[in-house]
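Reading through the structure tokens given below for one structure.
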Amino acid sequence: MTITPETTAQATIVPLLGQINSANAGALEAQLLTLVDGGVRQLVLDFAALDYISSAGLRLVLVLAKRLKQERGRLVLCAMQPHVHEVFDISGFLAILDVQATRQEALARL
């Protein structure tokens, strides 16, 4: 998966497309951490076009959230499809991550 970050005055938004699974999670994690290494501190992951996330994908979201917290940054997730939202709910991640219904709401959280 190749990401195409969108930069606004408030944050960097990364739309996620397709699937995050064990085959592509490592490469995606590296791309996202490169953004943080480059100075991004306010990051929104837009899940509107994400159809599937595996445990490897959940792990990368946690790694990214932890890294941003260390850098005094913030991660907000938004626009999850119902089945992806359910994965985050079952895993308990909704209690520890900031998840918003829309991109606009995510930007407002920052």
Side-chain angles (χ1 to χ4, degrees):
M1 174 185 301
T2 301
I3 61 170
T4 306
E6 303 169 19
T7 303
T8 70
Q10 296 167 278
T12 298
I13 303 163
V14 178
L16 300 173
L17 307 169
Q19 298 185 0
I20 302 175
N21 53 42
S22 59
N24 64 7
L28 179 58
E29 180 180 326
Q31 292 176 68
L32 292 168
L33 291 176
T34 297
L35 291 175
V36 177
D37 291 342
V40 170
R41 295 296 177 264
Q42 305 296 321
L43 186 62
V44 173
L45 294 182
D46 187 336
F47 284 74
L50 191 75
D51 301 320
Y52 173 82
I53 189 164
S54 72
S55 59
L58 293 174
R59 179 195 166 281
L60 94 79
V61 172
L62 280 183
V63 167
L64 184 61
K66 181 179 177 183
R67 179 66 177 279
L68 279 165
K69 186 175 181 181
Q70 290 172 345
E71 300 292 337
R72 297 187 181 100
R74 188 137 184 221
L75 176 66
V76 181
L77 315 178
C78 71
M80 289 184 182
Q81 300 293 328
H83 50 282
V84 172
H85 190 273
E86 184 178 0
V87 171
F88 276 82
D89 186 24
I90 290 169
S91 67
F93 284 23
L94 293 181
I96 60 173
L97 297 170
D98 192 347
V99 179
Q100 300 298 314
T102 67
R103 184 183 283 202
Q104 292 76 20
E105 291 174 29
L107 290 171
R109 296 286 293 173
L110 300 172

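The shown structure was predicted, so the numbers you read here are calculated from the model rather than taken from an experiment. The first residue in the sequence is number 1, and the count goes up from there.
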Next on the checklist: Measuring only between side-chain heavy atoms, which start at C-beta, is Leu35 closer than 4.5 Å to Pro5?
Outcome noted: yes
Checklist entry - If only atom types and distance count, is the side chain of Glu6 paired as donor or acceptor with the main-chain N or O of Thr12 below 3.5 Å? => result no
Next on the checklist: Would you say CD of Glu86 has more than 12 non-hydrogen atoms from neighbouring residues, nucleotides or ligands within 6.0 angstrom?
Outcome noted: no
Checklist entry - Under a 4.5 Å cut-off applied to non-hydrogen side-chain atoms, are Leu28 and Leu16 in contact? => result yes
Next on the checklist: Within the structure provided, determine whether Phe93 and Leu58 are in side-chain contact (heavy-atom separation under 4.5 Å).
Outcome noted: yes
Next on the checklist: Under a 3.5 Å distance rule, please check whether Gln31 uses its side chain to pair with a backbone N or O of Met1 as donor and acceptor.
Outcome noted: yes
Item to check | Heavy-atom check, side chain of Val14 versus side chain of Asp46, under 4.5 Å | outcome: no
Checklist outcome for this item: Shortest non-hydrogen pair, Tyr52 vs Val84, comes out as N-CG2, 4.1 Å
Checklist entry - Quick one: does Arg67's side chain have a donor or acceptor within less than 3.5 Å of a partner on Leu33's backbone? => result no
Item to check | CG-OG distance between Leu60 and Ser22, expressed to the nearest 0.5 angstrom | outcome: 12.0 Å
Checklist entry - Are side-chain heavy atoms of Gln100 and Leu107 found at a separation under 4.5 Å? => result no
Next on the checklist: Would a single hydrophobic cluster contain both Val61 and Val87, if residues Ile, Leu, Val, Met, Phe, Trp and Tyr are joined by side-chain heavy-atom contacts under 4.5 Å?
Outcome noted: yes
Checklist entry - Sequence neighbours excluded, which residues qualify as salt bridge (Lys or Arg N to Asp or Glu O under 4.0 Å) partners of Asp98? => result Arg74, Arg109
Next on the checklist: Is there a continuous path of hydrophobic side-chain contacts, each under 4.5 Å between heavy atoms, that joins Val63 to Val44?
Outcome noted: no
Item to check | Point-to-point distance, once rounded to the nearest 0.5 Å, from CD1 of Ile53 to NE2 of His85 | outcome: 12.5 Å
Next on the checklist: Using side-chain heavy atoms (C-beta onward) and a distance below 4.5 Å, is Leu43 in contact with Val76?
Outcome noted: no
Item to check | Atom pair CG/CD of Leu50 and Gln19 - distance to nearest 0.5 Å | outcome: 8.0 Å
Checklist entry - Does Arg41 reach the side chain of Arg72, with side-chain heavy atoms less than 4.5 Å apart? => result no
Checklist entry - In Å, rounded to the nearest 0.5 Å, how long is the span from CG of Leu94 to CG of Asp89? => result 5.0 Å
Checklist entry - Is any side-chain heavy atom of Cys78 less than 4.5 Å from a side-chain heavy atom of Gln104? => result no
Checklist entry - Cluster partners of Leu17, using ILVMFWY side-chain heavy atoms under 4.5 angstrom, listed by chain and number? => result none
Next on the checklist: Rounded at 0.5 Å granularity, tell me how far CE in Met80 sits from CG in Leu45.
Outcome noted: 8.5 Å
Checklist entry - Rounded to the nearest 0.5 Å, how far does CG of Leu64 lie from CD of Glu29? => result 8.0 Å
Checklist entry - Would Ile13 and Leu75 show up in the same hydrophobic cluster when neighbours are defined by side-chain heavy atoms closer than 4.5 Å? => result no
